[in-house]
Amino acid sequence: MADHMIVSTRKGLFDVHREGGGWTVGEGSFLGDNVTLALHDPRDGADYAALNHGHFGVKLHRRDRGGTWQEIATPAYPPKPEGLDDRDGWNRPVKWTTQLIWSLESGGADEPGTIWAGTMPGGLFRSRDRGDTWEMIRPLWDMPQRNLWTGGGADIPGIHSICVDPRASQTVRIAISCGGVWVTHDGGATWRQSAHGMCFDDGPPGFAENPETQDPHMMVQCPAAPHRFWVQHHCGIWRSEDDAQTWQRVHARPSSFGFGVVVHPNDPDTAWFVPGIKDEKRYPVDGRLVVTRTRDGGQSFDVLANGLPQAHAYDIVFRHALAGDDTGERLAFGSTTGNLWVSEDQGDTWETVSTSLPPVHAVRFTS
């Protein structure tokens, strides 16, 4: 069971440890800087931190186990060809620059040093040398379908979920807001749309069911049953039982809207969500912060509130800010109001770790 977390916030990256039966927020790194995402690589113990300095751009750093942070290369787009009229699904010109590193994932166990990065405005990158150099996956970027992708709340498309298949490292699935789900079986050389069955609640004829314009908020794959997937979508929850080839909708209470999803590492029927009111509202239903859990593949849901604020709660939990450890017993999530909670019993009860952190972007358990 993991006794350590790295918590990415608007004003730094914080190491959080379990000590003496409780959790303690320890030393921070990059204090005052906007740390948007972090990755712990269990293969070699290295940590990666993505920073967004606004006007000064996006940076990436790495520390080895017990070491200090060192700046490494940042995934970079190639120059935009002169005269190319490249537009997204909103008919807006696409800037060929890294505007955000929105996902970081380790490669397969048989690929030491391989790291994947998803970015805004929709480019996927791979490093084979622990982030010292990066290559853009051009077959995905050069697809004509990319010009159908649109932005969600961030206005530009972005790759926020990367699932490297534990059965075959060359099989990688990504989820894009708003561009659906895509899969490669040859390490990125070719791609196929894989969001069939997802839909919006409304839209122009032919738009609501179009897999290439869907808005998955987060996609996860069950390690012990890798043919099983869960997606938190802008318009609800979906699950797949056939390697993400088709998706079935699931209805939850008090809401099916949210950003994050965690699947139990050994039980694909057990998954957790943090529901809210969607679109322009985006706060917990009735001001009551809860976590929902299904243990039967979405047929029913438990509403878990023990230890969470049940009045005047306006916490938003971003897609990478809900995490589970490798046992399925321990969960954690952080919110935009700087709160951080941990559960030791699959969400039945929650312990407050901090109420004074900066707004939390992401939470990761580490080994």
Less than 4.5 Å apart, side chain to side chain, heavy atoms only: is that true for [X] and [Y]?
X	Y	result
Gln232	Ser256	no
Lys80	Asp86	yes
Trp230	Thr294	yes
Thr270	Val263	no
Phe318	Ser335	no
Phe14	Leu357	yes
Gln145	Asn147	no

I'd like to know if the side chain of [X] pairs up with that of [Y] as donor and acceptor (distance under 3.5 Å, no hydrogens or angles considered).
X	Y	answer
His53	Asn34	no
Thr337	Asp315	yes
Thr68	Gln70	yes

(request) Give me the ring orientation class for Trp247 and Phe229: parallel if the planes are under 30° apart, tilted from 30 to 60°, perpendicular past 60°. (result) perpendicular
Could you see if [X] belongs to whatever hydrophobic cluster contains [Y]? Use Ile, Leu, Val, Met, Phe, Trp, Tyr and a side-chain cutoff under 4.5 Å.
X	Y	result
Leu37	Trp69	no
Val274	Leu304	yes
Val58	Tyr77	yes
Ile156	Leu100	yes
Leu104	Ile72	yes

Do side-chain atoms of [X] reach the backbone of [Y] as a donor and acceptor pair under 3.5 angstrom?
X	Y	answer
Thr36	Asn52	no
Ser255	Gly276	yes
Thr150	Gly89	no
Thr355	Asn339	no
Arg65	Asp47	no
His234	Lys278	no
Asp242	Thr246	yes
Asn210	Glu212	yes

(request) Could you walk me through whether Phe259 and His320 pass side-chain contact (heavy atoms from CB on, under 4.5 Å), step by step? (result) CA-CA 8 Å; Phe259 293 98; His320 298 117; over 6 Å; no
Partners of [X] by side-chain contact (heavy atoms from CB on, under 4.5 Å), sequence neighbours excluded?
X	answer
Pro166	Gln221, Pro226
Ala38	Ile6, Ser8, Leu13
His312	Tyr314

(message) To the nearest 0.5 Å, what is the distance between CH2 on Trp238 and CZ on Arg249?
(response) 4.0 Å
Verify the ring-centre separation between [Y] and [X]: is it less than 6.0 angstrom?
X	Y	answer
His217	Phe257	yes
His251	Phe301	no
Phe333	Trp341	yes
Phe200	His233	yes

(message) Which residues end up grouped with Val303 if you chain together Ile, Leu, Val, Met, Phe, Trp and Tyr wherever their side-chain heavy atoms are less than 4.5 Å apart?
(response)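 In the cluster with Val303 are Val290.
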(request) Any chance you could pull the hydrophobic cluster mates of Leu124, using side-chain heavy atoms under 4.5 angstrom and chaining through other members? (result)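 Its cluster mates, by chain and number, are Trp116, Ile137, Leu140, Met143, Trp149, Ile159, Ile162, Val164, Val172, Ile174, Ile176, Trp182, Trp191.
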If you look at every heavy atom in [X] and [Y], which pair is closest and at what distance?
X	Y	answer
Leu60	Ile101	CD1-CD1, 4.1 Å
Trp272	His264	CZ3-N, 3.6 Å
Pro275	Phe273	CD-O, 3.7 Å
Gln193	Gly179	NE2-O, 3.6 Å
Met219	Val181	SD-CG1, 3.8 Å
Ala73	Trp134	O-NE1, 3.1 Å

Would you mind checking if [Y] and [X] are paired as a salt bridge, meaning a charged N to carboxylate O distance below 4.0 Å?
X	Y	value
Arg330	Asp3	yes
Asp64	Arg130	yes
Asp142	Arg138	yes

(message) Just to verify, which of Arg43, Arg364, Arg126 counts as forming a salt bridge (Lys or Arg N to Asp or Glu O under 4.0 Å) with Glu105?
(response) Arg364
(request) For Leu51 and His61, run side-chain contact (heavy atoms from CB on, under 4.5 Å): C-alpha distance rounded to whole Å, both residues' side-chain angles, the deciding distance at 0.1 Å, then the answer. (result) CA-CA 8 Å; Leu51 280 67; His61 299 256; 3.9 Å; yes
(request) Please collect all salt bridge (charged side-chain N to carboxylate O under 4.0 Å, His left out) contacts where either partner lies in residues 162-182, sequence neighbours excluded, each pair once. (result)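 Matches after skipping sequence neighbours: Asp165-Arg167, Asp165-Arg173, Arg167-Asp243, Arg173-Asp243.
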(message) Do Arg146 and Trp141 form a cation-pi contact, if we require the NZ or CZ to be under 6.0 Å from the six-membered ring centre and within 45 degrees of the ring's axis?
(response)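 Relative to the ring axis of Trp141, which defines the angle, Arg146 lies inside both limits.
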